[in-house]
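The structure under discussion appears below in the form of structure tokens.
Every chain is numbered from 1 and lettered A, B, ... according to where its sequence line falls, protein lines coming before strand lines.
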Amino acid sequence: MLSKKQLRNDVEAVAKALQKRNFSFDIKTLNDLENSRKNNQVKAQELQNLRNTQSKAIGKAKAAGEDIKPLLAAVANLGDDLDTAKTELQAIQSKIDEIALSMPNIPHDSVPEGDSEDDNVEVSIWGKPKDYDFEVKDHVDLGELHGLDFETAAKISGARFSVMTGKIARLHRALTQFMLDQHSEVNGYTEAYVPYLVNSESLMGTGQLPKFEADLFKTHLHGEEGEAKTLYLIPTGEVPITNMMRNTMVNEKDLPLKFVGHTPSFRSEAGAYGRDTRGLIRQHQFEKVELVQVVKAKDSYRTLEELTNHAEGILQALELPYRKVNLCAGDLGFSAAKTYDLEVWLPGQSAYREISSCSCFEDFQARRLQLRYKNKDTNKPELLHTLNGSGLAVGRTLVAVLENYQQADGSIKIPSVLQNYMGGLSTLTQ
RNA sequence: GGAGGGAUGGCAGAGCGGCUGAAUGCACUGGUCUUGAAAACCAGCAAGGAUUAAUCUCCUUCCAGGGUUCAAAUCCCUGUCCCUCCA
């Protein structure tokens, strides 16, 4: 959420900044609401003040043993007037809140202009796609040879699910373990195990709600429809991990906070019909190792580079060619101020595909989360900045390993950093 | 499944329907003292919002949501979470 102060004092600038990401809103409506909010709030507060003073006077008179009847009569209608004023004010406030909550974050200056992923800007390239002296297969054909099974998954659950059996399941797990170890032991993150079902407040905190409910899987306890009994399957580990810090005043000496967690992610993929229907690329359920950092405002963009490097480190250790792109404003996620995508080379598609998304949210999430620390210099609480990134999406990493490490006979060489996690195995054979 | 107890500032922890935005301790900040530090002593110190050039002033907030009352941290109801006991 953007700051209300900013919306109040600087709507024009906000509107202009959001235009960069093709988001527009009605400035006049907001200004009108803002004006009536102001009038109503002043009115309501005056009435409250009146009531407070009168009530105190009654208390004093009573203590002094005076007759309070005339005083009581004087406040007789106050309650109703106050209720009316309050109700009006609340109605206006919630309209303003609704608008404010639906507004995306303002893109950072370094975010390129553009409407779609075609306008993303390549920042760097690492590694070189291999030349294969045979016809390469994609991960679905390769996976089939090694125990990746979409038909059985379809029987159990439906489309966009997968089953893995045998060594390929272990390879999938090996990737997860390697990533967790790397981030917790080398990069200094604290490992976190978190719930996979979360309440609506948490999704509000990271920005998935109220706007993107359609993307989520929703559960009702005992079939109840009541809001309090609703839990959602997490669309990313970002949600529970970041929300660990919701409503907290962090000790300055504990900053930066760095967490890594391995969770499944569940996405309805509403609106993605027909896209990436083949294979593991776009699933309702997939594993991800997620990095989250909470830092002081002045550190956040330096941290974005660092966190992205941590994700890149996994790709480099696995010797997978990739490129790093700076997302253009039109392709930026709702809560992000700036995002780097890492795209891994997939020989089966002859294309770079997203495997990690690393974002800086500035104080956009922190404001909703009420995540702050006390600044010693000013002695005032200040919002912190949040960042996260996949380090990496495990399913897609498996895809990349299968396709990049394939051999003519369909066997898969195991990247050397994973061999220990595979009981010393160096090749996946049928 | 049943019966109780609890949730208060960064933390711990008092709190009588009006004098309580809240005692006290810790932490923190400033000062005195000291070569310096520690200790001791003195002072300050919740958040959010309205208004203001700023000060001032005002409003809201004691888990959440309702209710009673002229007036609620305090009384009543519902919910959430924590704890204890019984089965």
- prompt: Can you tell me how far C1' in rA47(B) sits from the matching atom in rC11(B), rounded to whole Å?
  reply: 16 Å
- request: Specify the separation, in whole Å, of atom CD of Gln48(A) and atom C1' of rU69(B).
  value: 15 Å
Report all interatomic pairs (protein N or O, nucleotide N or O of nucleotides 15-18 of chain B) with separations under 3.5 Å.
unit_1: rG18(B); atom_1: O6; unit_2: Lys62(A); atom_2: NZ; d: 3.2
unit_1: rG18(B); atom_1: N2; unit_2: Ser55(A); atom_2: O; d: 2.6

statement: When rounded to whole Å, the CD to P distance for the pair Glu201(A) and rG79(B) reads 17 Å
message: In this structure, how many angstroms lie between the P atom of rU68(B) and the CG atom of Asp83(A), rounded?
response: 9 Å
message: Looking at rA47(B), I'd like to know if its phosphate oxygens (OP1 or OP2) sit under 4.0 Å from a side-chain N or O belonging to Arg372(A).
response: no
task: Assert yes or no for the condition that the ring centre distance of Tyr193(A) to His262(A) is strictly below 6.0 Å.
output: no
field: Euclidean distance for P, rA43(B) against rU52(B) (whole angstrom)
entry: 37 Å
- prompt: Rounded to whole angstroms, how far apart are CD on Glu252(A) and P on rC11(B)?
  reply: 16 Å
Distance between P atoms of rA73(B) and rC82(B) (Å, rounded): 27 Å
query: Could you state the CG-C1' distance from Asn247(A) to rU80(B), rounded to the nearest angstrom?
result: 14 Å
P gap between rC63(B) and rA12(B), integer Å: 14 Å
- request: Quickly work out the Gln90(A) CD to rG49(B) C1' distance and round it to whole Å.
  value: 15 Å
task: Would you indicate which nucleotide in rA72(B), rA47(B), rC59(B) comes nearest to any side-chain atom of Asn52(A)?
output: rC59(B)
- prompt: Less than 6.0 Å separating the ring centroids of His108(A) and Tyr301(A)?
  reply: yes
message: Distance check, C1' atoms only: rU8(B) and rG25(B), in whole angstrom units.
response: 15 Å
task: For the side chain of Lys374(A), starting at C-beta, report the closest nucleotide among rU51(B), rA47(B), rC58(B).
output: rA47(B)
field: Results of ring pair (Phe, Tyr, Trp, His ring centres under 6.0 Å) for His139(A) - residues two or more places apart only
entry: none
message: Checking contacts here: which listed nucleotide (rU51(B), rC59(B), rU60(B)) is nearest the side-chain heavy atoms of Asn49(A)?
response: rC59(B)
- request: Using the P atom on both, measure rA22(B) against rU57(B) and round to a whole Å.
  value: 13 Å
message: Give me each pair satisfying salt bridge (charged side-chain N to carboxylate O under 4.0 Å, His left out) with a member in residues 386-400 of chain A, each pair once, sequence neighbours excluded.
response: none
- prompt: Is the centre of the Phe334(A) ring less than 6.0 Å from the centre of the Phe212(A) ring?
  reply: yes
message: Ignoring hydrogens and geometry beyond distance, is a side-chain donor-acceptor pair present between Asn326(A) and Asn120(A) at under 3.5 Å?
response: no
- prompt: Rounded to the nearest Å, what distance is computed from the CE atom of residue Met1(A) to the C1' atom of nucleotide rG48(B)?
  reply: 12 Å
- request: Evaluate the criterion side chain to side chain contact (heavy atoms under 4.5 Å, CB included) for residue pair Glu122(A) and Tyr352(A); output intermediate values, then yes/no.
  value: CA-CA 11 Å; Glu122(A) 185 178 289; Tyr352(A) 285 101; 5.7 Å; no
message: Under a plain distance cut-off of 3.5 Å, with no hydrogens placed, do Thr152(A) and Asp149(A) share a side-chain donor-acceptor pair?
response: yes
Between rU80(B) (P) and Asn199(A) (CG): distance, integer Å: 13 Å
- line: Nearest-nucleotide check on RNA chain B, Arg51(A) vs Lys380(A); residue mapping nearer the 5' end is Lys380(A)
statement: salt bridge (charged side-chain N to carboxylate O under 4.0 Å, His left out) pairs touching residues 17-30 of chain A, sequence neighbours excluded, are Lys28(A)-Asp32(A)
- line: Applied to residues 155-169 of chain A, the side-chain hydrogen bond (donor to acceptor under 3.5 Å, both in side chains) test, sequence neighbours excluded, yields Ser162(A)-Gln283(A)
- request: Report the secondary structure of RNA chain B in dot-bracket form, marking unpaired bases with a dot and bases paired to a different strand with |, and treating Watson-Crick or G-U pairs with both distances under 3.5 Å as paired.
  value: ((((((((.[[[..)..(.....]]].(((((.......))))).(((((......))))).[[[[[..)....]]]]]))))))).
query: Just checking Asn251(A): base, sugar-phosphate only, or nothing, at a heavy-atom cut-off of under 4.0 Å?
result: nothing
- request: Look at Gln41(A) and rG49(B) and indicate whether a side-chain polar atom (N or O) is within less than 4.0 Å of OP1 or OP2.
  value: no
